[in-house]
There are 2 protein chains.
Amino acid sequence: MVAVTRDAAWAPRSDARMSGARHKMRYSRAMPAAGGEPPIPKVLWGTVSVVARAFDDALATVGGSRAMWFIFLSLKARPVANQRELAAEVGIQGATLTHHLTAMEQAGLINRRRDPANRRVHLVELTPAGEATFLKLREVALAFDRKLREGIPDDDIRHLRQTLARLQANATDDPAAPTP
Amino acid sequence: MVAVTRDAAWAPRSDARMSGARHKMRYSRAMPAAGGEPPIPKVLWGTVSVVARAFDDALATVGGSRAMWFIFLSLKARPVANQRELAAEVGIQGATLTHHLTAMEQAGLINRRRDPANRRVHLVELTPAGEATFLKLREVALAFDRKLREGIPDDDIRHLRQTLARLQANATDDPAAPTP
DNA sequence: ATCTAATCGTTAGATATCAAATCTTATGGT
DNA sequence: ACCATAAGATTTGATATCTAACGATTAGAT
């Protein structure tokens, strides 16, 4: 018989996500190398699930979404040659970008037109409504960023960026041919 | 006219994901507060997309997946009272867990049976085939962990865990009622 | 000049996830 | 004893994402 403490009814935002560990997990039982800590992929995934969800919720309050915000951000940060490049910048596949752009176009936030110089490429540009939406989303994103970094020194953020970059590089490097 | 360098045909694993930034992005143009660096949510999302994909690919080579591995991991790390608790541990919703467990049951990796003491509860237990699969997945997961941490001092990993935990807490804390 | 191959984008089909509705079983109030 | 409510799990319907196949356009070879 296992005693289980349930989510209290009075708890604000009784969101069970990621809050289930009432007993201390001992991952060393399953993963001898981990020293009792959850493995890195699990920690990363857990944090990102929670952060991304909160970010999405915040953007949704002004009618946006994470993908929409990343698209706006890439479009405004520098001119993009084509959708393929935009997709890479945003971190999604071209097919996925198509869906988002179609939705944004139907919502009147962007225009797509063929480049006269190379009619294969579709040029993406913001409409006035798109500019207005961008500003609203930016406000929410900036507020979220402030909240996210609260109590974390800038040095730690820098360190975080470095370590994440290293993890990303380590994950993708091919062990077959590291030396040419 | 924008000059665009295309993916070279000779590049190994010409996966465009997250590799599109040939020009240095200046996010300060769009996000004045960021100091030219991409905002934290974007960095997090980018790193996790890449790492999770690589991890999934690795697990797929022995017939597994990220979700399956997390489920095994939680089941082996300590006994779990019920599926709701297991879902929280894994970091997914109960409905999603049901799908995975159904698939794993059909694959002969686990059994689900009603708890005689409380017939609402479905107890999950590994079959011998499940134990064997767990060992194979663990091997892959340990190798991936080693690869992921290559060149990163343990102190940095500890630091990473701490910062991620803080980000997670900051993301979810309710600004409405921080003080009771 | 024409034909083949490459590039850009979209469409189609599949999977993973979530929220909401539903089903089954247990608990508590009367 | 009976019924309403709660808890655990599943099912349903929606969304975001991916890969693979396709359509349109251009570039290159002959």
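Letters A, B, ... mirror the listed sequences (proteins, then strands); counts begin at 1.
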Spacing between [X] atom [atom1] and [N] atom [atom2], to the nearest angstrom:
X      : N      : atom1 : atom2 : value
A:H122 : D:dA24 : NE2   : P     : 11 Å
B:N82  : D:dA7  : CG    : P     : 12 Å
B:Q83  : D:dG8  : CD    : C1'   : 8 Å
B:Q93  : D:dG8  : CD    : C1'   : 14 Å
A:L59  : D:dA16 : CG    : C1'   : 15 Å
A:L97  : D:dT15 : CG    : P     : 19 Å
A:M68  : D:dT17 : CE    : P     : 12 Å
A:I92  : D:dC18 : CD1   : C1'   : 11 Å

> Where the side chain of B:R84 is concerned, which of D:dA9, D:dC18, C:dA19 is the nearest nucleotide?
Replying inline: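 Nucleotide nearest to B:R84's side chain: D:dA9.
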>> For a quick test of reading the model, state the closest non-hydrogen atom pair linking B:T172 to A:V50 and the distance between them.
In response: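 Where B:T172 meets A:V50 most closely, the heavy atoms are CG2-CG1, 3.0 Å.
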> Phosphate oxygens OP1/OP2 of C:dA16: is one of them under 4.0 Å from a side-chain N or O of B:T96?
Replying inline: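 For C:dA16, OP1/OP2 do not have a side-chain N/O of B:T96 under 4.0 Å.
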> Is the shortest side-chain N/O distance from A:R113 to OP1 or OP2 of C:dG9 below 4.0 Å?
Replying inline: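 Negative; the distance criterion is not met.
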Taking only nitrogen or oxygen atoms into account, show me every contact under 3.5 Å that the protein makes with nucleotides 23-27 of chain C, one pair per line with its distance.
| unit_1 | atom_1 | unit_2 | atom_2 | d |
| --- | --- | --- | --- | --- |
| C:dA26 | OP1 | B:R119 | N | 3.1 |
| C:dA26 | O4' | B:R120 | NE | 3.4 |

Counterpart residues, salt bridge (charged side-chain N to carboxylate O under 4.0 Å, His left out), relative to [X] (two or more places apart):
X      : result
B:R112 : B:E105
B:R66  : B:D56
B:R114 : none

> For B:D145, what residues pass the side chain to side chain donor-acceptor pair (under 3.5 Å) criterion, not counting sequence neighbours?
Replying inline: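 B:D145 satisfies side chain to side chain donor-acceptor pair (under 3.5 Å) with no other residue.
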> Got a sec, which residues hit side chain to side chain donor-acceptor pair (under 3.5 Å) with B:D154, two or more places apart in sequence or on another chain?
Replying inline: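 For B:D154, no residue satisfies side chain to side chain donor-acceptor pair (under 3.5 Å) once neighbours in sequence are set aside.
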>> What residues from residues 98-106 of chain A pass a heavy-atom cutoff of under 4.0 Å to DNA chain D?
In response: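 Those residues are A:H99, A:H100.
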For residues 124-134 of chain B, dump all side-chain donor-acceptor pairs below 3.5 Å to protein atoms at least two apart in sequence or in another chain.
| unit_1 | atom_1 | unit_2 | atom_2 | d |
| --- | --- | --- | --- | --- |
| B:E125 | OE2 | B:R113 | NE | 3.1 |
| B:T127 | OG1 | B:G108 | O | 2.6 |
| B:T127 | OG1 | B:L109 | O | 3.1 |
| B:T127 | OG1 | B:A129 | N | 3.4 |
| B:T127 | OG1 | B:G130 | N | 3.0 |
| B:E131 | OE1 | B:K76 | NZ | 2.8 |
| B:E131 | OE2 | B:K76 | NZ | 3.4 |
| B:T133 | OG1 | B:A129 | O | 3.0 |

>> Run the ring-ring contact (aromatic ring centres under 6.0 Å, His included) test against B:H159 and tell me which residues pass, sequence neighbours left out.
In response: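 Checked B:H159 against ring-ring contact (aromatic ring centres under 6.0 Å, His included); matches are A:H159.
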>> For A:N118 and A:R120, which I'm curious about, is there any donor-acceptor pair between the side chains at under 3.5 Å?
In response: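 The answer is yes; a qualifying pair exists.
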> How do A:G94 and B:L123 order along DNA chain D: which one's closest nucleotide is nearer the 5' end?
Replying inline: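 Going by which nucleotide is closer to the 5' end, it is B:L123.
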